[in-house]
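Convention: sequence-line order gives letters A, B, ...; per-chain numbering from 1.
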Amino acid sequence: MSCPATIKQILRDHKDGMAMPREMYTSREVYDHDIASFWNRSWIWVGHICQLPEPGDYFLFDYGPESIIIVRDREGEIRAHLNVCRHRGSRVCVEQSGRARAFVCPYHAWTFELSGELRAGRAMGPDFDPGDYGLFPAQVRIFEGLIFVCASTDAPEIDAGLAQLAKLTAPFELANMKIAHQANYPVPANWKLAQENYLECYHCAPAHLDYARSHSLKNPADVEALMPALLDRAEAVGLPRETMSISSYEGGPVGADVYYRRYPLFEGYQTGSKSGAPLAPPLGRLTGHDGGATDIQVGLINFFLVYADHLVGYRFVPRGLQETDIQVVWMVRGDAEEGRDYDIDDLTWLWHVTTLDDERIIRHNQDGVNSHFFRPGPLAEMEWGIRHFYNGYLRMIGADRG
Amino acid sequence: MSCPATIKQILRDHKDGMAMPREMYTSREVYDHDIASFWNRSWIWVGHICQLPEPGDYFLFDYGPESIIIVRDREGEIRAHLNVCRHRGSRVCVEQSGRARAFVCPYHAWTFELSGELRAGRAMGPDFDPGDYGLFPAQVRIFEGLIFVCASTDAPEIDAGLAQLAKLTAPFELANMKIAHQANYPVPANWKLAQENYLECYHCAPAHLDYARSHSLKNPADVEALMPALLDRAEAVGLPRETMSISSYEGGPVGADVYYRRYPLFEGYQTGSKSGAPLAPPLGRLTGHDGGATDIQVGLINFFLVYADHLVGYRFVPRGLQETDIQVVWMVRGDAEEGRDYDIDDLTWLWHVTTLDDERIIRHNQDGVNSHFFRPGPLAEMEWGIRHFYNGYLRMIGADRG
Amino acid sequence: MSCPATIKQILRDHKDGMAMPREMYTSREVYDHDIASFWNRSWIWVGHICQLPEPGDYFLFDYGPESIIIVRDREGEIRAHLNVCRHRGSRVCVEQSGRARAFVCPYHAWTFELSGELRAGRAMGPDFDPGDYGLFPAQVRIFEGLIFVCASTDAPEIDAGLAQLAKLTAPFELANMKIAHQANYPVPANWKLAQENYLECYHCAPAHLDYARSHSLKNPADVEALMPALLDRAEAVGLPRETMSISSYEGGPVGADVYYRRYPLFEGYQTGSKSGAPLAPPLGRLTGHDGGATDIQVGLINFFLVYADHLVGYRFVPRGLQETDIQVVWMVRGDAEEGRDYDIDDLTWLWHVTTLDDERIIRHNQDGVNSHFFRPGPLAEMEWGIRHFYNGYLRMIGADRG
């Protein structure tokens, strides 16, 4: 997708290893181009197959001005459609989730099959061919039960990376999970500042006391020191020793980053809990708790942190130029029962308090970036994830530095 | 008025018979041009002479960033002035209605006669000529007691059409009416989507159950079948059999559309009431209820639905790019008394519930139109009113397809 | 600073002696340019040394998207820094005021000395030189205890003017004051309309009944008649008879206006109080109340009204295109005690009610200026202050009429 000259001009002095310029976070034109060129062409994690057990079950996923219907069709296949009537543009589906036999537009009752086809255009005359006016399809990938969609037809080629990832995640049996809790943390900042915050642990030590107490990632030396013992313990409970990283920064396909790495918790912590004690039964075919956490990234904007007993998924959903929803999803194994096997308050404690910290941090970051005096500074080595993100992002929006 | 190149570019692929492109409803430049080129040069229905019985009586009508003072002057004539001080631009009149001897600007007390002339410019020095600084006049037309204004000096030539309309509306004696109730329904959508919703009854069957139960317009075949009997009944109570339609789409002058057509209610409905029973005494010189409703349009943005016993007026007033007030006015004959001759809840029931439906529909329409994936679809035959509106609108904004 | 062509085009027909065009108050581009070219290069009154008694004491001053830290450093010097981290742009200081040993960025803990120097960049690698990444400094001037800052390095040359002013204000001993009360009056208008309102007393008679009852400024003839007696009384209590005015309109340096003039209250008023009675002990070395008030202006946007017993400071702080905070600060002599020497309600009464009037007036002014029909009218002789402001403002933004 071609990048407007004004945006290329904003980026004229940007160099690898430096933060991006102010206008990338303050310009409405950049925001609109982010939606059109980046979000609408990215793989987005929208949910899990456990949300759609039966044909006709659907839910909506909204971002920026877009809305996508994710539905299990009559044949049992999961499909996705742009939630925009092909007549005069009304939202076709207005409930956030439910079970439907067809989607009837609330305006003029144009009726779409679960497959997206237009059943008929009422009173549209003899020349009208319903075959021309089905809902626009979005692409769908199911990865171990996790549902990803891409609104555009030219989705990034991520299948090879996912196949490689599947070998590493197999022991977790991600398809056999349930959603224990979801929470939404609105932050008055551009989505990229929210996402950048997730992409580095340089801020973990000063900003996240609770996380830093239990997780070694805030200190690369600690990670290195504790890693051999962790890998032994991980292997003992059934997890692989391998890591993987595909990134356009390292020559991978654009928009198809895949990352997997397990890192150690400190002694006494078996999972991301306040006390260190387990929070739920081990996932999949794991035989116990190893005191580690796996960072998984799929594409450029989907993040999963997988402990031995639960998964925390993260999304940074744009709502406006400086309005973003941080969406956090906690998942446990599918047969776990609340009250018996896990407690919601205990399960969600760490990433609830950590996300509240981040909300504050990101807000102050946007406040400062809004200043005419902001000059992008150098990234620390620990902020390598931001460099990778910038590379993929700039290439997606058509502004890569060549 | 010349149309900016950016707007012409938005419309480059638009064809007659199709919905308009997304940016016509999402671009601030389009909105500003809508106000300057369309609203400021259109005839707007602002009220009724019953609101201004005495010299000095005034009310304001506001839309977009504009405000107009409508006032009966000392000679008894109804005049309209732009509510902008000629000094440094303050609103001159800040009360929504009242009785005034003159308009004294609340900032520096520049004092304007009811006729708009500046009485004197206090301490403005010897070279200052108050004759140069009267309030800018708006054009005024009184049609059967209904007050129309146009802020610009080059108002559409609507007099011939109104003269023709007057012959058809004479039996209603519209000048002899009073306002029974007014209501405002804000909707987070561009004014054009709100207006388009009023311009077609293709959505009436699926979206308006109460209206569809009593009114035939949702089904052209029903209208045709019931029309002969209605026309006989209408004639019997004193109404004409004729219809009229002047539209720029059919070669009429731009911005001067005039439309009149009576259509049938279903059996058992004498007026637009819940039970079908009359709601008020017959209007004007009508001798009874005929079970019909007259659709009247004056210019491009003023709508009246006239039953045998009441009138419902509609306006779709822009407040911002995606903020519109749907204003509904219920009128009955001038000598009707609330409590004795009509009940407000009964009178307003149908168009209150119908407008609440429309608010929801229009909101969902804007949500979908905001999507980058919205592609304008084909209009149904029943949406002919939208084609006519587009024609007049596009010519007013200087973007007609030639 | 160069002025965008679009803004020069807006001003193409503007003439000295006339109000400015609509778009100067409605265009986002103008607003952004106002911050970058005018506010960021202007001297801004931010506070008084009484707010920073000890090393490490600081407070923030925010305007538009900017934030400035004003702090007393370890050597006792008052300094100002841009509140933007040189790493990825976070606000460095997030409390409005306090006492600090250093400023630790809440994001990644980059730590800045009170002097603005970066102590160290944690984990930034061997090539990183902290000397390159100190906080950007803002310029500081202390005038008789009043603190002025300028965010830009090329601040207007105001020292000569201030030296001249100091001779006239010496008897007030402005450095020996304390803040009795501060209040914030948000107004939905462009900051220039709020400031213009302060710059003229043409509106005082019609709009400010309480002020007009006691202050002669609303009527130039009254000022002239009462002035000789006032000057005698002023001299008797220790005040000078002189006035001074430096203005770019009269050939002075741009952005460095300085103005001093005492004017008479009406008989029976010793100060700006409801009853006319004194409100507090005489300022500095004044020996009594003379029934006058001094208008002081420093730069283009800082205003002080000094009675014999208190000072009222005014700022019109931009928050958005049509969002402004009118900030009012009441000061009394430093050793005055609330309850014993002054009463807050009495002290603040006049400028509280007057500012409430102004909030309403300014709001109506913006409403009218938003109209497409607003045409700038001629300024009255009494509005000379606006002419001076326009001159300085237009030259600061690079759009002076040559």
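With a 4.5 Å cut-off on non-hydrogen atoms, L379(C) touches chain B through its backbone and its side chain both. Interface remark: P378(C) contributes backbone and side-chain atoms alike to the contact with chain B (heavy atom separation under 4.5 Å).
Note that CD1 of I68(B) and CZ of F373(C) are 7.0 Å apart. Values are rounded to the nearest 0.5 Å.
The 12-atom threshold is exceeded at CZ of R99(B), counting heavy atoms of other residues, nucleotides or ligands nearer than 6.0 Å.
Chain C forms more heavy-atom pairs under 4.5 Å with one residue of G64(B), C85(B), A151(B), G125(B) than with any other, namely A151(B).
For the pair P106(B) and A207(C), the tightest heavy-atom approach, listed with the atom from each and the gap, is O-CB, 4.1 Å.
With sequence neighbours excluded, no residue forms a side-chain contact (heavy atoms from CB on, under 4.5 Å) with P137(B).
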Can you pull out the donor-acceptor contacts between chain B and chain C, under 3.5 Å, including backbone atoms?
{"residue": "E66(B)", "atom": "OE1", "partner": "S371(C)", "partner atom": "OG", "Å": "2.5"}
{"residue": "E66(B)", "atom": "OE2", "partner": "H372(C)", "partner atom": "N", "Å": "2.9"}
{"residue": "H87(B)", "atom": "O", "partner": "G377(C)", "partner atom": "N", "Å": "2.8"}
{"residue": "H87(B)", "atom": "NE2", "partner": "E383(C)", "partner atom": "OE1", "Å": "2.7"}
{"residue": "H87(B)", "atom": "NE2", "partner": "E383(C)", "partner atom": "OE2", "Å": "3.2"}
{"residue": "R88(B)", "atom": "NH1", "partner": "E200(C)", "partner atom": "OE2", "Å": "2.9"}
{"residue": "R88(B)", "atom": "NH1", "partner": "E383(C)", "partner atom": "OE2", "Å": "2.7"}
{"residue": "G89(B)", "atom": "O", "partner": "V369(C)", "partner atom": "N", "Å": "3.4"}
{"residue": "R91(B)", "atom": "N", "partner": "H364(C)", "partner atom": "O", "Å": "3.1"}
{"residue": "R91(B)", "atom": "NH2", "partner": "D367(C)", "partner atom": "O", "Å": "3.3"}
{"residue": "Y107(B)", "atom": "OH", "partner": "N197(C)", "partner atom": "ND2", "Å": "3.1"}
{"residue": "H108(B)", "atom": "NE2", "partner": "E200(C)", "partner atom": "OE2", "Å": "2.6"}
{"residue": "W110(B)", "atom": "NE1", "partner": "Y202(C)", "partner atom": "OH", "Å": "3.0"}
{"residue": "R122(B)", "atom": "O", "partner": "Y202(C)", "partner atom": "OH", "Å": "2.4"}
{"residue": "R122(B)", "atom": "NH2", "partner": "Y202(C)", "partner atom": "O", "Å": "2.6"}

